[in-house]
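A quick write-up on the structure given underneath.
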Amino acid sequence: MKIATYNVNGVNGRLPVLLRWLQETQPDIVCLQELKAPQEKFPEQAIIDAGYNAIWHGQKSWNGVAILAKGLEIKETRRGLPGDPEDLHSRYIEAEVGGITVGGLYLPNGNPAPGPKFDYKLAWFERLTKHAANLLASGKPVILTGDYNVMPTEKDVYKPERWVEDALFRPETRAAFKKLVDQGWTDALRKLNPDETIYTFWDYFRNAYGRNAGLRIDHFLLSPGLVGRLKAAGVDKNVRGWEKTSDHAPVWIALD
DNA sequence: ATGTCGGGCCCTGCCCGA
């Protein structure tokens, strides 16, 4: 079973790229982030025509998350993280699919830091970490995947010294990610490729993709029971080179 | 500091968020 995550950066603007990638790689389950579309503007029919069921949580202009599945029922278990009824951003959606609880997340960017946006990022991280503890305690197989907007270590940045003040790489952000993982999660891409340079994002500026000036910020965290089923993982880096593409590339894992 | 995207809107060049 192949499970993927993809920050599309505008699901309608990237629809041709998304459909081509689905057709070429045929993942079983897909988490999408940054739909940038209100609930009623999600391209549902095109996704159905591509062979996928979908649930999504849209929002005008920004954010937005979805879960797609091919030939599997998607049983929604939650939209939005608990802990702050004032938070109206569409950044978390969760479902039971194929016997696995899949949480698709779009963690706040947090720039500029310090400031209110960075505070919001750290608060959101805390809420995610609390919810993640409850998911682990359930003993069920769980995947938490999406755009974490965190480079966990220096290995995950093309030029770490340039990013130390950035919200994606500040010590507080890395500490928050470590605190989450240390609950007992496994970073699937790193587990299978302990020493390799792996990037999932290249910004649009200064020919970042051409220079491979990338970041690893899209992650798969697996609950302990799933680690033994992890057989492969990768980044569909070529998709970042397509016309009208997202600044992120799709990331995937294969489970037994 | 800069760079480049999608989306949205005082409908078209500019602002926001990333």
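Order of the sequence lines sets the chain letters (A, B, ...), proteins ahead of strands, with each chain counted from 1. Heavy atoms only: backbone and side chains are in, while hydrogens, waters and symmetry mates are out.
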*Mind checking the C1' distance from B/dT12 to B/dG7? Whole angstroms is fine.*
14 Å
_Ionic contact status for A/Lys231 with A/Asp256, cut-off 4.0 Å_ = yes
*Considering only B/dA18, B/dG17, B/dG8, which nucleotide approaches the side chain of A/Arg91 most closely?*
B/dA18
*Between A/Glu34 (CD) and B/dC5 (C1'), how many Å, whole number?*
10 Å
*Side-chain donor or acceptor of A/Arg206 under 3.5 Å from a matching atom on the base of B/dT2?*
yes
*Closest nucleotide among B/dA18, B/dG8, B/dC5 to the A/Arg14 side chain*: B/dC5
*Please report, rounded to the nearest Å, how far the P atom of B/dG8 is from the CH2 atom of A/Trp62.*
9 Å
*Whole Å only: how far is the CD atom of A/Gln33 from the C1' atom of B/dA18?*
14 Å
*B/dG6, B/dG8, B/dA18: which one has an atom nearest the side-chain heavy atoms of A/Asn109?*
B/dA18
*cation_pi(A/Arg216, A/Phe201) dist<6.0 Å, angle<=45*: no
_A/His57-A/Tyr92 aromatic ring centre distance below 6.0 Å_ = no
*Out of B/dA18, B/dG7, B/dG8, which nucleotide sits closest to the side chain of A/Pro38?*
B/dG8
*Write down the distance separating the P atoms in B/dG17 and B/dC10, rounded off to the nearest Å.*
16 Å
*Residue met sooner reading DNA chain B from 5', once A/Lys41 and A/Tyr204 are mapped to nucleotides*: A/Tyr204
*Expressed in angstrom and rounded to an integer, what is the separation of A/Tyr209 atom OH from B/dG3 atom P?*
24 Å
*Expressed in angstrom and rounded to an integer, what is the separation of A/Phe205 atom CZ from B/dT2 atom P?*
11 Å
_Rounded distance (nearest 0.5 Å) linking atom CG of A/Asp187 with atom CD1 of A/Ile198_ = 8.0 Å
*So, is A/Lys36 near the phosphate of B/dG8, with a side-chain N or O under 4.0 Å from OP1 or OP2?*
no
*asked:* Checking A/Phe177 against A/Tyr148 for the ring-ring contact (aromatic ring centres under 6.0 Å, His included) test, could you report, in this order, the C-alpha distance in whole Å, the side-chain angles of both residues, the deciding distance, and whether it holds?
replied: CA-CA 9 Å; A/Phe177 187 80; A/Tyr148 281 75; 5.6 Å; yes
*Given B/dC5, is OP1 or OP2 found less than 4.0 Å from the side-chain N or O atoms of A/Lys244?*
no
*asked:* Using the side-chain heavy atoms of A/Lys117, tell me which of these nucleotides is nearest: B/dA18, B/dT4, B/dG8.
replied: B/dA18
*In whole angstrom, what separates A/Asp247's CG from B/dA18's P?*
12 Å
_I want to confirm an ordering. Mapping A/Gln59 and A/Asp147 to their closest nucleotides on DNA chain B, which one lands closer to the 5' end?_
A/Gln59
*From the list B/dG8, B/dA18, B/dG7, which nucleotide is the closest neighbour of the side chain of A/Tyr106?*
B/dA18
*Which value, in whole Å, describes the distance between the P atoms of nucleotides B/dG13 and B/dA1?*
30 Å
*Interatomic distance, A/Asp203 CG vs B/dA1 P [rounded to whole Å]*: 16 Å
*To the nearest angstrom, how far is A/Arg162 atom CZ from B/dG3 atom P?*
15 Å
*Do A/Phe169 and A/Trp163 have their ring centres less than 6.0 Å from each other?*
no
